[in-house]
Asks: 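My questions will all concern the structure given below.
All values below come from the heavy atoms of this structure, side chains included, with hydrogens, waters and symmetry mates left out.
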Amino acid sequence: MMARDSSTPTLRIQFHGPVHYDAIRGPYGFSVCLEAPAIYWGREGRCYAFLHDLTAAALAAVLDDCAAATQCRRQPWGR
C-alpha cells in the first residue's frame with residue numbers, strides 16, 4: 001500500500017447545502033477531483049463542500065479571499 005501524499009485532501013466529511021462561511025474552519029483549499037468543484041478544510045482536508053452548496057454570501061466571501069490572495073501576489077509591497 002502506498003503512503004498518502006500529505007498534500008492530498010482526504011475528503012471524508014461532506015457538508016450539504018446551505019453551507020455558511022463560518023462552517024469553514026481554518027485554512028481551506030479547492031479540489032476538482034470530485035464530480036464538481038469543491039472546497040476542503042480541516043485536518044488533512046477531511047471536510048468538504050461542493051461550491052454549489054455554499055450560500056451566496058459564503059461563495060462571495062470565498063471569492064473575495066481568492067481576489068485578496070491574488071492581489072497580494074501581484075503587489076506584495078502593498079496596494
Asks: Are the side chains of Tyr48 and Pro9 in contact, using a 4.5 Å heavy-atom criterion?
Replies: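 SC-SC contact between Pro9 and Tyr48 ruled out.
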Asks: Determine, using the 4.5 Å side-chain heavy-atom cutoff (strictly less than), whether Phe50 and Phe30 are members of one ILVMFWY cluster.
Replies: no
Asks: Going by heavy atoms in the side chains, are Leu11 and Cys33 under 4.5 Å from each other?
Replies: yes
Asks: For Asp64, check side chain to side chain donor-acceptor pair (under 3.5 Å) against everything at least two apart and list the hits.
Replies: none
Asks: Hey, could you give me each pair passing side-chain hydrogen bond (donor to acceptor under 3.5 Å, both in side chains) that has a residue in residues 22-34? Not counting sequence neighbours.
Replies: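 side-chain hydrogen bond (donor to acceptor under 3.5 Å, both in side chains) check on residues 22-34 returns Tyr28-Asp65.
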Asks: So does His20 get a backbone contact from the side chain of Thr55, meaning a donor-acceptor N/O pair under 3.5 Å?
Replies: no
Asks: Show me the side-chain donor-acceptor pairs of residues 34-43 shorter than 3.5 Å, one per line, residues at least two apart or across chains.
Replies:
{"from": "Trp41", "atom 1": "NE1", "to": "Ala23", "atom 2": "O", "distance (Å)": "3.4"}

Asks: Supply the atom-to-atom distance Tyr21 OH to Leu59 CG, rounded to the nearest 0.5 angstrom.
Replies: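 Going from the OH atom of Tyr21 to the CG atom of Leu59 covers 11.5 Å.
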Asks: Pair Glu44, Thr8 - check side chain to side chain contact (heavy atoms under 4.5 Å, CB included), show working.
Replies: CA-CA 8 Å; Glu44 297 181 344; Thr8 304; over 6 Å; no
Asks: Does Leu51 belong to the same Ile/Leu/Val/Met/Phe/Trp/Tyr cluster as Val19, with side-chain heavy atoms less than 4.5 Å apart forming each link?
Replies: yes
